[in-house]
Structure formats: C-alpha cells, structure tokens
Amino acid sequence: MSATIEEASRSKPLDMSFVRIDPNWALRIPVTLARRKKVLPCCQLGDRVLVACVDCNDVATLDTVERQLGNSIEPVLAEEESLEAAIRDTFGGQVARTGAIRVASDRGNGDEDAVQICEEILQAAALRGASDIHIDPLAQRVRVRLRVDGQLEEYRHFSSELHPSITSRVKVLADMDISERRSPQDGRFSWTSSRGEAVDVRVATLPTRFGESVTLRLLTNNMDNLTLQRLGMGSDDFQRFSTAIDKPHGLILLTGPTGSGKSTTLYAGMKELISTKALHVVTVEDPVEYEMDGIAQVTVDSADKVSFSKALRSILRNDPDVIMIGEIRDAETADIAIKAALTGHLVFSTLHTNTAAGAVTRLIDMGVEPFLIAATLRLAVAQRLVRKLCQYCRQETGITTAEAAAFGMPQAQGTTAYQSPGCIHCAGRGKVGRTGLFEMLPVTNAMTQLIASGADEVQLRQLAEQEGCRTLAEDAFRKVGDGIVMASDAQASVALW
C-alpha cells in the first residue's frame, strides 16, 4: 500500500460532493472510526477499495480500515470539509451502531438486530438513490437487493434465522398484521434519511416457498429537480412538448412500458404549467407518485370505492382547468378523457403502447372514433429511460457493426460512441442516473386529417418523420454520439418496439 499512499498524498484533494458512495463498503466501518479519523470507504475498483481520507500518511488508521473491510484498500486524498459532509450524509445520527450491525447480524440476535438491519438497508438505499428494496428469502439465506437506475444490485445476505424478525420489523413500521404470513399485504410508512430527506415507503409482502418476500418502494418528496429541462429532451422535442402543454385544452398522452418515466414527465409538465399560470389542476392516480403543492390529488381506492371513472365524473363537476389521469385503462376512462378534452380541459394521461403513433391505434381499439381522436389529441410521446454514462471516466470508442445494425443504421459503423469503466465518482459502476429517450407525434393539421381518415400506425409514423420528428432509435443514436449513454444500453431500451 506504500506506493499508493505516496501517490495519493501528492494528488489534488478530491471534492467529495461529486462522489457517489457505495454503502456496501462505506457502512462496513464503525461510524466512530469514520468521524474521528475522517475516513470513508467509497467503492471497489478492481481488487482494491478506494478510501477517501484527509491524511494519506496515517498508516495506522488505513491499516485499521483495511482490517475492518477485509480487503486491500487504496487511499484517496479528499477535501476535509466535503469529506466531513459525506460522512454526515452516509451515517447521520440514525445508524451510529453500524459497525456492530454486521457482527450482530451473523449471530441472529433477533428483534434488536432487525431494527438496526432495517435502518441500515433503508440508509443504503437512500445513499445509492434506489427506487426499490427487495428482501427475498432463499433456501439458506436472505438476499437484499436494491434497484438503482432501473437495475437490481446485490447489497447484502443475512442468515435465514433473521428473516422472521426483519419481516416483522418492516410490518410494524408499515402498520401491517405481523401474524398474517399466508396472504399478501400492503402498507406504507414515512422515513427520514440521514440527509434529512423525507421518504414515503410503500411496502408489499408476498408469501413464497421459503417465507415472505418483502418489496419496499421509496418515493422522495423532493420536487426541486423535477423540471422539463432535466428530462433529456432535445431542443426541438422540448419545444414541441412545451407548445402542446401551453394549449388551453386537448389531450396529451405519454406512452411506454412500466418504469419508463411517463408519470415523471407528466408531473414535470404540470409543474411547469402551475409555475406560469393560475390553474386548477386535479389528478387521479393509483397511487399518487409525487406529492405536489398547488394541485388536488385523488387516489384510486383498491376496493373500487373510488375508481378512475367515478373520480373523473366527480372531478368534471369541480371546475378543473387541467386533469391528469394516471392511466387510461379501459374504454370508459378513455371516453371520459376524450369528452373532458372536447369540453375545454387540458388532459394528461398515459397508455401502454410501444410507439407514439401506437397511442392513436390503442384508443381506436378501445372504441374511440378516429374523428374524436383527431379533434382532441395534441401530442403523443413515446418514452424510455436509459442509464447515463459517468462523465468523469467515459472513454471514446466506436460503434460496432452489430450495434449499427441494431439501430437500423448500418452506415453508422465506426462512428463515435463512449463507454465508462467506472471510477470513484460513479461508485465504480460507470453509470450515474438516467435520462429519457423520446419520440414525439405532434398533431399538426396534416396529422389531424390522417388520423380522422383512419390511417394505420405506419402511415402516422411516416408523416411524423416527414415533419422532422425523430424516432426512439434516432434519439437514442444521437445520445450515444453525444456521450450521454452507452450504445448497448440505448439498444436495450428501444428494442421493445
């Protein structure tokens, strides 16, 4: 380790505010050691764990960290102030006993350990920016995985003896029946991370062969970063979307598979609207995904006391300017949405179709007349989410023959693309966050006539391309060339159509 210490001591101190921490390593050392000696394991690169510190010559401390981790380390000189902030964000005041958790968890000490373990898991998920936590009982152990940027990551394994106490702890937090283990249950609770972020946690249990599987969905109430400018739209697509939502009435549809960011885009659009206009906005959702000030949000009742159609009928009597419907699921909901758009309301909603043009044919399949779609639809958008390359470690490469063929652009072989091997800024993953891929179908005069004539999806897409709109594959290819996403990730996202 001496060579790396000498190199680290000569390097420029690292600003830790631009570093993503891997909790699988950071939470392995006691909080007292991290705070007192100002050290923080960040991530693993190759066979070494990178450890941020303020004194790379403190061999005794580094040896202690190496023993705690059970892995070779490499010190990284960090700015003292930013490192202290990173340690506070990592540990806070809620997991002060983190160093004892991993020892105790192997002994299976029951309820007390379960409280600490659940707190650690939640904190780890918050550090990684996870959207979901999966606690799955297996034959010999309990597996914990985090869904980060749409991908599942292994986090921890626990003894099977701890499974009942961990499950019971989650159920207590979510106000669920701890004695019921043979039927699925749903619940929720609020939790505050060490960074002070309020997190709404939705819990679902499912009986499986080896015990109850527990899934926790984490929804933050931080709306500051939810803006249209951050979604990843190109300037021309941004202009099309902004023009459509600025209209006083009509129907705007977001399409794509589950988890493609449709609701996020709709919320960003509504946030933009209420920031510039005095509007009465009402949403009908199942469930409410973002809590937003200034709008009325209605949750659809699972017992069907408040269905989409019932809620929409009531909403129309409450003088809304803008209505957001979580999803158009059936002919009745589609009919009400169309009528609302016809009677002077701006209606946002989502559909499960693969392309923007597919929204038109899906509505026709539901029984909506083509002339009504032509009269109300203002914009259809197909969307996907794809992981972004780390901008600190990305390296230029070229598009292969197979990748060019997958994009439907054989002439693109050898053009510029990028990949990221991983670094301390991205927790060794090579990816940080996600961006959207978009395909727009603005309903122009020519498009209105084509829809009213009953044209099929191919004809609609051809006209959109003639009017200068990009397909999902073309938007993906552009973002590959700009170094925003990796070619293989982009292809996987657009391969759904």
Side-chain angles (χ1 to χ4, degrees), residues 223 226-231 233 237-258 260-300 308-309 311-316 318-330 332-353 356 358-360 362-363 366 368 372-373 375-383 436 438-443:
M223 301 292 291
L226 186 61
T227 63
L228 287 176
Q229 290 80 2
R230 290 175 175 265
L231 297 179
M233 293 181 187
D237 284 340
F238 179 83
Q239 185 59 48
R240 291 186 184 102
F241 192 85
S242 299
T243 300
I245 67 173
D246 197 46
K247 295 183 182 297
H249 55 80
L251 180 61
I252 296 171
L253 294 174
L254 269 290
T255 74
T258 299
S260 58
K262 301 185 296 294
S263 296
T264 300
T265 300
L266 292 184
Y267 267 103
M270 289 190 297
K271 184 181 177 184
E272 180 78 14
L273 278 177
I274 63 176
S275 69
T276 57
K277 298 178 182 179
L279 297 169
H280 180 34
V281 181
V282 184
T283 75
V284 186
E285 305 169 72
D286 180 21
V288 172
E289 294 193 34
Y290 295 94
E291 294 181 3
M292 184 182 292
D293 290 334
I295 66 176
Q297 296 172 279
V298 179
T299 302
V300 174
F308 273 107
S309 56
L312 284 170
R313 289 194 192 94
S314 178
I315 284 170
L316 291 174
N318 282 269
D319 188 34
D321 298 301
V322 180
I323 302 170
M324 195 273 266
I325 307 169
E327 180 186 345
I328 295 179
R329 300 179 175 181
D330 50 44
E332 188 177 11
T333 305
D335 180 63
I336 297 172
I338 292 290
K339 288 178 179 176
L342 280 171
T343 54
H345 304 89
L346 185 61
V347 181
F348 292 88
S349 193
T350 68
L351 276 174
H352 284 291
T353 65
V360 175
R362 179 75 178 113
L363 289 175
M366 287 183 174
V368 181
L372 289 175
I373 301 173
T376 55
L377 187 62
R378 298 290 176 264
L379 177 69
V381 182
Q383 180 173 340
F438 297 93
E439 176 181 289
M440 302 276 178
L441 184 86
V443 182

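For the single chain, residues carry numbers from 1 onward in sequence order.
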Heavy-atom closest pair, residues Val360 and Ile373: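 Minimum heavy-atom contact is O-CD1, 3.7 Å.
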Flag side-chain contact, heavy atom, 4.5 Å: Arg329 against Asp286: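 Of all side-chain heavy-atom pairs linking Asp286 with Arg329, at least one is under 4.5 Å.
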Heavy-atom donor-acceptor pair, Lys262 side chain to Pro257 backbone, under 3.5 Å: yes
Side-chain donor-acceptor contact under 3.5 Å, Thr264 with Tyr290: yes
Side chain to side chain, Thr227 and Arg230, heavy atoms closer than 4.5 Å: yes
Side-chain (Ser314) to main-chain (Ala311) donor-acceptor, under 3.5 angstrom: no
Donor-acceptor under 3.5 Å (His345 side chain, Ala340 main chain):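 Flag set: sc His345 to bb Ala340 pair under 3.5 Å.
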Sidechain-backbone polar pair: Thr255 side chain, Val381 backbone, donor-acceptor under 3.5 Å: yes
Ala356 backbone acceptor or donor facing Glu439 side chain under 3.5 Å: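 Yes; judged by distance alone, with no hydrogens or angles, the pair exists.
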Lys/Arg N to Asp/Glu carboxylate O, Arg378 vs Asp246, below 4.0 Å: no
Closest non-hydrogen atom pair, Thr353 against Gly358: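 So the two residues come closest at CG2-O, 3.6 Å.
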Distance, nearest 0.5 Å, that separates CG of Leu254 from OG of Ser260: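 Separation between the atoms: 8.0 Å.
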Between CD1 on residue Ile295 and CD1 on residue Ile323, distance to nearest 0.5 Å: 12.5 Å
Side chain proximity check, Met366 to Thr333, heavy atoms < 4.5 angstrom: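 Met366 does not reach Thr333 side chain to side chain.
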Any Met324 side-chain heavy atom under 4.5 Å of Glu285 side chain: yes
pair Met270-Thr283: side-chain heavy atoms closer than 4.5 Å: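 Yes; the side chains approach each other to less than 4.5 Å.
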Stepwise side-chain contact (heavy atoms from CB on, under 4.5 Å) check, Leu273 with Val281: CA-CA 9 Å; Leu273 278 177; Val281 181; 6.0 Å; no
Sub-4.5 Å side-chain heavy-atom contact between Leu312 and Val284: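 A side-chain contact exists here, since the closest heavy-atom pair is under 4.5 Å.
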Lys271 vs Asp293, salt bridge (charged side-chain N to carboxylate O under 4.0 Å, His left out): CA-CA, chis, key distance, verdict: CA-CA 9 Å; Lys271 184 181 177 184; Asp293 290 334; over 6 Å; no
Audit row: Val347, Ile325, side-chain contact (heavy atoms from CB on, under 4.5 Å) steps and yes/no: CA-CA 7 Å; Val347 181; Ile325 307 169; 4.0 Å; yes
Any side-chain donor near an acceptor of the partner, Gln383 and Thr265, under 3.5 Å: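 On atom types as modelled, these side chains qualify, holding a pair under 3.5 Å.
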Under 3.5 Å donor-acceptor, His249 side chain and Thr343 backbone: no
Test item: Leu379 and Ile245 side chains (from C-beta on) under 4.5 Å apart, heavy atoms: no
Main-chain N/O of Ile338 paired with Thr376 side-chain donor or acceptor, under 3.5 Å: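 No, Thr376 side chain to Ile338 backbone: no donor-acceptor pair under 3.5 Å.
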Polar contact flag, side-chain donor to acceptor under 3.5 angstrom, Thr243-Gln239: yes
Leu231 vs Phe238, side-chain contact (heavy atoms from CB on, under 4.5 Å): CA-CA, chis, key distance, verdict: CA-CA 9 Å; Leu231 297 179; Phe238 179 83; over 6 Å; no
Nearest heavy atoms of Thr350 and Gly326, plus distance in Å: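 Where Thr350 meets Gly326 most closely, the heavy atoms are OG1-O, 2.6 Å.
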Side-chain heavy atoms of Leu251 within contact of Phe348, under 4.5 Å: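 The answer is no, as the side chains (C-beta and beyond) never meet within the 4.5 Å cut-off.
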Residues Leu346, Ile252; criterion side-chain contact (heavy atoms from CB on, under 4.5 Å); working and verdict: CA-CA 8 Å; Leu346 185 61; Ile252 296 171; 4.1 Å; yes
Separation of Ser349 OG from Ile336 CD1 (nearest 0.5 Å):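 It is 11.5 Å, given to the nearest 0.5 Å.
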